[in-house]
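Before anything else, here's the structure in question.
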Amino acid sequence: VSQTCGTNGTLSNATFNSATGAGSFDCTFPDGPANSTVSVQVADSDGANSNVSTITVTVDNVAPTVTLSGPSDADEGQTKSYSFTTNDPGQDTFSLVSQSCGANGTLLNAAFNATTGAGSFDCTFPDGPASTTVSVQVADSDSANSNVSSIEVTVSNVAPTVAFSDPAASANEGETVVFNFSIT
């Protein structure tokens with residue numbers, strides 16, 4: 001018996017019943033887009049080979065899946081860290097399509113690994129109350145875009161802090177003292 005999954009497939013779990021000539025096998029196709037010719041040929045007990053029966057399998061590419069993780073709330077002025085991973089059943093490398101801290105955030109410290117599709121970035125949120133969408137999208141080496149993974153971030157307002165910049169410790173009666181203060 002000769003069984004093959006072609007040049008773009010890997011054979012496993014082969015079975016064959018020599019009494020009936022029936023059998024089965026599994027093919028795993030590690031990467032697409034591709035074509036692979038699955039075939040089988042048997043011989044009888046007199047050594048005569050059968051025809052070669054074939055099926056051409058079209059292996060489709062599957063778009064990667066990206067997953068973003070990080071906090072969904074922040075105080076105004078804070079910087080928060082976000083990271084993401086990419087999952088793809090194929091043998092692909094990856095490129096970054098987009099990453100964003102949204103309309104009310106500023107992106108910094110971006111890092112990306114094209115081999116694994118993993119990455120990270122920081123978002124600074126300058127003002128609240130507000131909301132913003134932190135997001136990321138990647139593509140595989142077959143140009144298939146992943147989903148857009150996003151986190152809605154609520155940016156809270158923080159009350160200002162007032163402080164005297166040069167507090168006077170004492171004053172004489174009738175004296176006018178100037179008090180300066182600053183707000184953070």
Side-chain angles (χ1 to χ4, degrees), residues 4-14 25-38 55-165 181-184:
T4 179
C5 293
T7 56
N8 294 308
T10 303
L11 188 139
S12 61
N13 301 320
F25 57 96
D26 296 338
C27 290
T28 302
F29 303 100
D31 197 33
N35 290 321
S36 198
T37 302
V38 177
I55 298 173
T56 300
V57 177
T58 301
V59 183
D60 294 327
N61 182 57
V62 176
T65 302
V66 65
T67 304
L68 179 66
S69 59
S72 60
D73 56 6
D75 289 339
E76 63 183 358
Q78 280 188 319
T79 298
K80 298 288 185 169
S81 295
Y82 295 86
S83 62
F84 57 92
T85 57
T86 301
N87 185 19
D88 190 292
Q91 298 171 337
D92 292 298
T93 57
F94 304 95
S95 60
L96 193 59
V97 174
S98 66
Q99 59 185 355
S100 173
C101 294
N104 294 307
T106 303
L107 190 141
L108 8 117
N109 302 322
F112 180 68
N113 184 319
T115 302
T116 64
S120 62
F121 56 94
D122 295 336
C123 292
T124 298
F125 304 103
D127 195 29
S131 64
T132 193
T133 304
V134 176
S135 64
V136 66
Q137 184 179 31
V138 300
D140 66 16
S141 51
D142 298 312
S143 300
N145 286 349
S146 73
N147 60 306
V148 175
S149 185
S150 62
I151 298 173
E152 294 294 322
V153 178
T154 301
V155 184
S156 300
N157 183 57
V158 176
T161 302
V162 64
F164 286 108
S165 52
F181 60 92
S182 62
I183 298 174
T184 303

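Quick note: numbers below take in every heavy atom, side chains included, and nothing from hydrogens, waters or symmetry partners. Residue numbers run from 1 in the order of the sequence given.
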Without placing hydrogens or testing angles, list every side-chain donor-acceptor pair under 3.5 Å for residues 88-103, not counting sequence neighbours.
{"unit_1": "Asp88", "atom_1": "OD1", "unit_2": "Gly90", "atom_2": "N", "d": "2.7"}
{"unit_1": "Asp92", "atom_1": "OD1", "unit_2": "Ser141", "atom_2": "OG", "d": "2.9"}
{"unit_1": "Ser100", "atom_1": "OG", "unit_2": "Gly102", "atom_2": "N", "d": "2.9"}

### Partners passing side-chain contact (heavy atoms from CB on, under 4.5 Å) against Thr7 (at least two apart in sequence or in another chain)
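Thr7: no side-chain contact (heavy atoms from CB on, under 4.5 Å) contacts found.
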### Task
Answer whether the closest heavy-atom distance between the side chains of Pro33 and Asp142 falls below 4.5 Å.
yes
Do any side-chain atoms of residues 65-75 form donor-acceptor pairs under 3.5 angstrom with protein atoms, and if so which ones, sequence neighbours left out?
{"unit_1": "Ser69", "atom_1": "OG", "unit_2": "Ser83", "atom_2": "O", "d": "3.4"}
{"unit_1": "Ser69", "atom_1": "OG", "unit_2": "Ser83", "atom_2": "OG", "d": "3.2"}

#### Entry: Least distance between heavy atoms, Thr56 atom then Thr37 atom
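Closest heavy-atom pair between Thr56 and Thr37: OG1-OG1, 4.1 Å.
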### Task
To the nearest 0.5 Å, tell me how far Cys123 SG sits from Lys80 NZ.
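Going from the SG atom of Cys123 to the NZ atom of Lys80 covers 11.5 Å.
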### Task
List in chain and number order the residues that pass side-chain contact (heavy atoms from CB on, under 4.5 Å) with Leu108, two or more places apart in sequence or in another chain; answer none if no residue qualifies.
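Result, side-chain contact (heavy atoms from CB on, under 4.5 Å) vs Leu108: Thr79, Asp122, Thr124.
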### Query
In terms of the angle between their ring planes, are Phe125 and Tyr82 parallel, tilted or perpendicular, with boundaries placed at 30° and 60°?
perpendicular
### Task
Establish, from distance only, whether the side-chain atoms of Asn8 and Asn35 form a donor-acceptor pair under 3.5 Å.
no
## Note on the structure
Applied to residues 62-94, the disulfide bond (SG atoms under 2.5 Å apart) test, sequence neighbours excluded, yields none
Please tabulate, for the side chains in residues 151-160, all donor-acceptor contacts under 3.5 angstrom to protein atoms that are two or more places apart in sequence or on a different chain.
{"unit_1": "Glu152", "atom_1": "OE1", "unit_2": "Thr133", "atom_2": "OG1", "d": "3.1"}
{"unit_1": "Glu152", "atom_1": "OE2", "unit_2": "Thr133", "atom_2": "OG1", "d": "2.7"}

### Message
How about CG on Leu11, more than 12 heavy atoms from neighbouring residues, nucleotides or ligands closer than 6.0 Å, or not?
### Response
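Correct, the count exceeds 12.
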